[in-house]
Amino acid sequence: MRSPPDFSLPPVPLARSLIGAVLTVDGVGGRIVETEAYDRDDPASHSFGGPSARNAAMFGPPGRAYVYRIYGLHWCLNVVGGPEPGGAVLIRALEPLHGLERMAERRGVADPRSLCSGPGKLCQALAVTRDHDGLALTEPPFELLGATGAAPLAAGPRIGVSKAADRRWRFGLAGSPWVSRPFPSARMPG
DNA sequence: ATGACGATGCACT
DNA sequence: GTGCATCGTCATG
């Protein structure tokens with residue numbers, strides 16, 4: 001049995017616990033295999049400068065969606081965390097499980113590898129837009145079920161982030177071929 | 001009113 | 001590996 005994620009967790013533990021969870025929108029979605037944590041005291045976070053019209057959902061109750069537009073054309077989906085306001089987890093990649101055909105139509109590509117392997121891609125595949133900003137992830141059209149067990153985790157620096165680049169707050173399902181980019185693997189000298 | 005810039009994806013070399 | 005599309009948001013005048 002899958003139980004819901006504990007949304008009251010701070011962004012980093014929430015980001016780790018969401019690996020392996022299953023997210024769908026109107027029945028289309030899959031297993032979360034890549035996340036990034038952002039918190040209030042984080043120069044890279046949209047909440048860093050305090051509440052605004054755009055980031056209002058980040059300062060609302062945990063367990064809701066924060067959706068924003070990036071580079072004028074892509075949408076990105078976050079899970080709002082807790083217990084302090086201003087924390088969220090960016091969903092960066094899914095392993096497609098449900099509604100593959102619908103995803104392919106929306107994405108305009110056939111290769112399953114490129115359906116949900118990036119934050120903008122998965123929003124297009126699941127038809128997530130600003131309309132979903134602030135909606136509860138535990139209610140339709142969303143469904144978000146927690147991981148069944150402890151997933152083997154990979155970690156690395158966040159992607160596209162110039163500030164606080166030292167924080168290894170990007171998490172992934174170790175060895176998964178569905179992530180947006182490979183994780184740096186430990187390399188033996190010699 | 002205006003300008004800088006971005007938690008990206010895609011085409012191309 | 002590099003270049004670029006494209007526009008909402010925020011800081012500034």
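Order of the sequence lines fixes the chain letters, A, B, ..., with proteins taken first and strands second; residue numbering starts at 1 for each chain.
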Item to check | By side-chain contact (heavy atoms from CB on, under 4.5 Å) - contacts of A:Ala56 (at least two apart) | outcome: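 Residues passing side-chain contact (heavy atoms from CB on, under 4.5 Å) with A:Ala56: none at all.
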Next on the checklist: Quick check: do A:Leu135 and A:Arg64 have side-chain heavy atoms less than 4.5 Å from each other?
Outcome noted: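 They are not in side-chain contact.
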Item to check | Check: A:Ser17 and A:Asp6 side chains under 4.5 Å, non-hydrogen atoms | outcome: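 A:Asp6 does not reach A:Ser17 side chain to side chain.
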Checklist entry - So what does A:Arg181 hit on the nucleic acid, given a heavy-atom distance under 4.0 Å: a base, only sugar-phosphate, or nothing? => result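 Counting heavy atoms under 4.0 Å across all strands, no contact is made by A:Arg181.
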Next on the checklist: Generate the contact string for nucleotides 2-13 of chain B. Rules: B means base contact, S means sugar-phosphate contact only, - means no protein heavy atom under 4.0 Å.
Outcome noted: ----BBBSS---
Next on the checklist: Reading 5' to 3' and counting Watson-Crick or G-U wobble pairs with both distances under 3.5 Å, write the dot-bracket notation for DNA chain B, | for bases paired outside the strand.
Outcome noted: ||||||.|||||.
Checklist entry - Going from NZ on A:Lys121 to CG on A:Leu126, what distance comes out if it is rounded to the nearest 0.5 angstrom? => result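 Atom-to-atom, A:Lys121:NZ and A:Leu126:CG are 14.0 Å apart.
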Item to check | CZ (A:Arg2) with more than 12 external heavy atoms under 6.0 Å | outcome: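 Atom CZ in A:Arg2 is crowded, with more than 12 foreign heavy atoms closer than 6.0 Å.
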Checklist entry - Does A:Arg130 use its side chain to pair, donor to acceptor, with the backbone of A:Arg69 at less than 3.5 Å? => result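 Such a contact is absent between A:Arg130 side chain and A:Arg69 backbone.
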Item to check | Qualifying salt bridge (charged side-chain N to carboxylate O under 4.0 Å, His left out) pairs with a residue from residues 160-169 of chain A, counting only residues at least two apart or across chains | outcome: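 Only A:Asp42-A:Arg167 qualify under salt bridge (charged side-chain N to carboxylate O under 4.0 Å, His left out).
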Next on the checklist: Is it the case that the side chains of A:Gln124 and A:Arg106 hold a donor-acceptor pair, with the cut-off being a distance below 3.5 Å and no angle test?
Outcome noted: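 Side chains of A:Arg106 and A:Gln124: no pair found under 3.5 Å.
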Item to check | Contact residues, residues 8-26 of chain A to DNA chain B [heavy atom, < 4.0 Å] | outcome: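 Residues of residues 8-26 of chain A that come under 4.0 Å of DNA chain B do not exist, since none gets that close.
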Residues 91-100 of chain A, side-chain donor-acceptor partners within the protein, below 3.5 Å, at least two apart:
{"from": "A:Arg92", "atom 1": "NE", "to": "A:Glu34", "atom 2": "OE2", "distance (Å)": "2.8"}
{"from": "A:Arg92", "atom 1": "NH2", "to": "A:Ser180", "atom 2": "OG", "distance (Å)": "3.2"}
{"from": "A:Glu95", "atom 1": "OE1", "to": "A:Arg31", "atom 2": "NE", "distance (Å)": "3.1"}

Checklist entry - For the rings on A:His46 and A:Tyr68, is their centre-to-centre separation under 6.0 Å? => result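 Yes: the rings meet the under 6.0 Å criterion.
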